[in-house]
Undergrad: 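There's a structure below that I have some questions on.
Note that the numbering runs from 1 along the sequence shown for the chain.
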Amino acid sequence: LAAVCNQLSAFDELIKAGADVNQETNGKTALMWACRLDQADIAKYLLQNSADPNHESETGDSPLLAACQFGSKKLLQILEQHGADFYKHTSTGACALLAATKAENGVAMSYILDNHPVATLARTIAKALLCACASGNTKAVEILVAAGANVNAEDATGVTPLIAAVSNNQVGVVRCLVMNHFTFTDN
């Protein structure tokens, strides 16, 4: 409740009284709530008081995933400074870049791609590109392609970004891929 109400003084009292900052309420820790609400100061305070930036709830949620969906560059920087793992996949298969892509959070996508080796993120970038193509998120497609995503790559079932876009009637993404990035082959 203190995170939802943005009450730093309430956290201070709770922590002094020995409250567990990693305890979940309704499936979320206080840090997860602070990240969902883009409360960077609250998040920083919680992290300084032993909140776990990599805590995963039973539903596969984490502070980093919440920040990638709802947060700002400042919040992502704070989480990273306190050890958030941008490469970790949760039990549900979610990861930072995929969460940012699905949420259409271009700020989070750019932060991740600008601050982490693309080679290390290659498989995640491919999944994110397929997701962006299927959902019609042209901006995300542009961000991912600019970062080096392979627009001709196939997933395990043979689906390419272009097939994902066409299958979902995402005309804008199809146009973007064909006009700017897609390479036709004679196979």
Undergrad: Quick check: is Leu98 connected to Phe86 through a chain of hydrophobic side chains (ILVMFWY, heavy atoms under 4.5 Å apart)?
TA: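 Different clusters: Phe86 never reaches Leu98 through Ile, Leu, Val, Met, Phe, Trp or Tyr contacts under 4.5 Å.
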Undergrad: Could you tell me which residues satisfy ring pair (Phe, Tyr, Trp, His ring centres under 6.0 Å) with Tyr87, sequence neighbours excluded, listed by chain and number?
TA: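 For Tyr87 the ring pair (Phe, Tyr, Trp, His ring centres under 6.0 Å) partners, ignoring immediate neighbours, are His116.
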Undergrad: Could you see if Leu65 belongs to whatever hydrophobic cluster contains Trp33? Use Ile, Leu, Val, Met, Phe, Trp, Tyr and a side-chain cutoff under 4.5 Å.
TA: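 No, Leu65 does not connect to Trp33 through the hydrophobic network.
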Undergrad: When rounded to the nearest 0.5 angstrom, what is the spacing between SG in Cys95 and CD1 in Ile112?
TA: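 Going from the SG atom of Cys95 to the CD1 atom of Ile112 covers 8.0 Å.
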Undergrad: So, using side-chain contact (heavy atoms from CB on, under 4.5 Å) as the criterion, who are the partners of Ala134 when residues are at least two apart?
TA: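 Per chain and number, Ala134 pairs via side-chain contact (heavy atoms from CB on, under 4.5 Å) with Ala164, Asn168.
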Undergrad: Which residues pass the side-chain contact (heavy atoms from CB on, under 4.5 Å) test with Val166, sequence neighbours left out?
TA: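 With sequence neighbours excluded, Val166 shows a side-chain contact (heavy atoms from CB on, under 4.5 Å) to Leu162, Val174, given in chain and number order.
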Undergrad: Among all residues two or more places apart in sequence or in another chain, which pass the side-chain contact (heavy atoms from CB on, under 4.5 Å) test with Ser110?
TA: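 By the side-chain contact (heavy atoms from CB on, under 4.5 Å) rule, Ser110 matches Asp114, Ile143.
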Undergrad: Does Lys73 have any salt bridge (charged side-chain N to carboxylate O under 4.0 Å, His left out) partners at least two apart in sequence or in another chain, and if so, which?
TA: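 In terms of salt bridge (charged side-chain N to carboxylate O under 4.0 Å, His left out), with neighbours along the sequence ignored, Lys73 is linked to no residue.
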Undergrad: Taking only residues two or more places apart in sequence or in another chain, which ones pass salt bridge (charged side-chain N to carboxylate O under 4.0 Å, His left out) with Glu56?
TA: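 Listed in chain order: Lys88.
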Undergrad: Taking side chain as C-beta onward, heavy atoms only, is Leu79 less than 4.5 Å from Lys74?
TA: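 Result no, sub-4.5 Å side-chain heavy-atom pair not found.
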Undergrad: Under the 3.5 angstrom rule, does the side chain of His82 hit a backbone N or O of Ile78 as a donor-acceptor pair?
TA: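 Checked: pair present.
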Undergrad: If you round to the nearest 0.5 Å, how far is OG of Ser57 from CG of Asn26?
TA: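 Between Asn26 CG and Ser57 OG, I get 11.5 Å after rounding to 0.5 Å.
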Undergrad: With sequence neighbours left out, which residue pairs that include part of residues 17-40 fulfil the salt bridge (Lys or Arg N to Asp or Glu O under 4.0 Å) condition?
TA: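 Matches after skipping sequence neighbours: Lys28-Asp61.
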Undergrad: Quick test of your reading: applying salt bridge (Lys or Arg N to Asp or Glu O under 4.0 Å), list the pairs with at least one residue in residues 165-174, sequence neighbours left out, ordered by first then second residue.
TA: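 The answer is none; no pair qualifies.
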Undergrad: Testing the basics here: between Ile42 and Ala34, what is the closest heavy-atom pair and its distance to 0.1 Å?
TA: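 Taking Ile42 first and Ala34 second, the nearest heavy atoms are CG2-CB, 3.7 Å.
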Undergrad: Could I get the full list of salt bridge (charged side-chain N to carboxylate O under 4.0 Å, His left out) partners for Lys44, not counting sequence neighbours?
TA: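 Residues passing salt bridge (charged side-chain N to carboxylate O under 4.0 Å, His left out) with Lys44: none at all.
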Undergrad: Which pair of heavy atoms, one from Leu75 and one from Ala67, lies closest together, and at what distance?
TA: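 Smallest interatomic distance, heavy atoms only, reads CD2-CB, 3.8 Å.
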Undergrad: Suppose clustering is done on Ile, Leu, Val, Met, Phe, Trp and Tyr with side-chain heavy atoms closer than 4.5 Å. Which residues sit in the same group as Val159?
TA: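 Leu130, Ile163, which link up through side-chain heavy atoms under 4.5 Å apart, make up the rest of the cluster.
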Undergrad: Using a 3.5 Å cut-off and no angle test, enumerate the donor-acceptor pairs between side-chain atoms of residues 119-128 and protein atoms at least two apart in sequence or in another chain.
TA:
none

Undergrad: Assess the side chains of Tyr111 and Glu80: does a donor N or O sit below 3.5 Å from an acceptor N or O?
TA: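 Distance-only check passes for Tyr111 and Glu80.
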Undergrad: Checking Ala132 now: which residues fulfil side-chain contact (heavy atoms from CB on, under 4.5 Å) with it, not counting sequence neighbours?
TA: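 With sequence neighbours excluded, Ala132 shows a side-chain contact (heavy atoms from CB on, under 4.5 Å) to Thr101, Asn137, Ala140, Val141, Leu144, given in chain and number order.
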